[in-house]
Amino acid sequence: MKNPNPVNLQTSEDVRKAGWQAETRDADGHLCRTHVPFDSDEEIVWLVREAMENGETVTIWPMNGGAS
C-alpha cells in the first residue's frame, strides 16, 4: 500500500479493542478493512472471498472471545 493512512497502520490489538470482529490486511500487513459482528455465515463467506480475491489475509475473532 503506497502512503498508508493512520487507520491502515492500526495493530490487530487496536482493531479488536475497538469492537471489530474481523479484519483483512494486505501483503505488507496494512489494515484494509474491518467488519462488525457477523449476522450470518454468508457475511463471513463474502468477506473471506472478497479478501482472497484481493490477496488479503483475514482474521476473525470469536464473538465473545473478549478483547485483551
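Atoms considered below: every heavy atom in the structure, side chains included; atoms not considered: hydrogens, waters and symmetry mates.
Closest approach of Gly19 and Pro37 over heavy atoms only: O-CD, 4.2 Å. When all heavy atoms of Trp20 and Trp61 are compared, the closest pair comes out as O-CE3, 3.7 Å.
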request  = Go through Thr11 and Glu13 one step at a time and tell me if the side-chain hydrogen bond (donor to acceptor under 3.5 Å, both in side chains) criterion holds.
outcome  = CA-CA 5 Å; Thr11 65; Glu13 182 178 334; 5.4 Å; no

Test side chain to side chain contact (heavy atoms under 4.5 Å, CB included) applied to Arg25 and Val15, step by step = CA-CA 12 Å; Arg25 293 187 178 269; Val15 172; 4.2 Å; yes

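Not counting sequence neighbours, the partners of Asp26 by the side-chain contact (heavy atoms from CB on, under 4.5 Å) test are Met1, Asp28, His30, Cys32.
Between Ile60 atom CD1 and Ile44 atom CD1 the span is 5.5 Å, to the nearest 0.5 Å. Atoms CD and CG, on Gln21 and Leu47 in that order, are 10.0 Å from each other to the nearest 0.5 Å. For the atom pair NE2 (His35) and CH2 (Trp46), the distance works out to 6.0 Å, reported to the nearest 0.5 Å.
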Per-pair distances, 0.1 Å, donor-acceptor, side chain in residues 51-59, under 3.5 Å, sequence neighbours excluded:
residue	atom	partner	partner atom	Å
Asn54	ND2	Glu50	O	2.8
Glu56	OE1	Thr24	OG1	2.8
Glu56	OE1	Arg33	NE	3.1
Glu56	OE1	Arg33	NH2	2.9
Glu56	OE2	Arg33	NH2	2.9

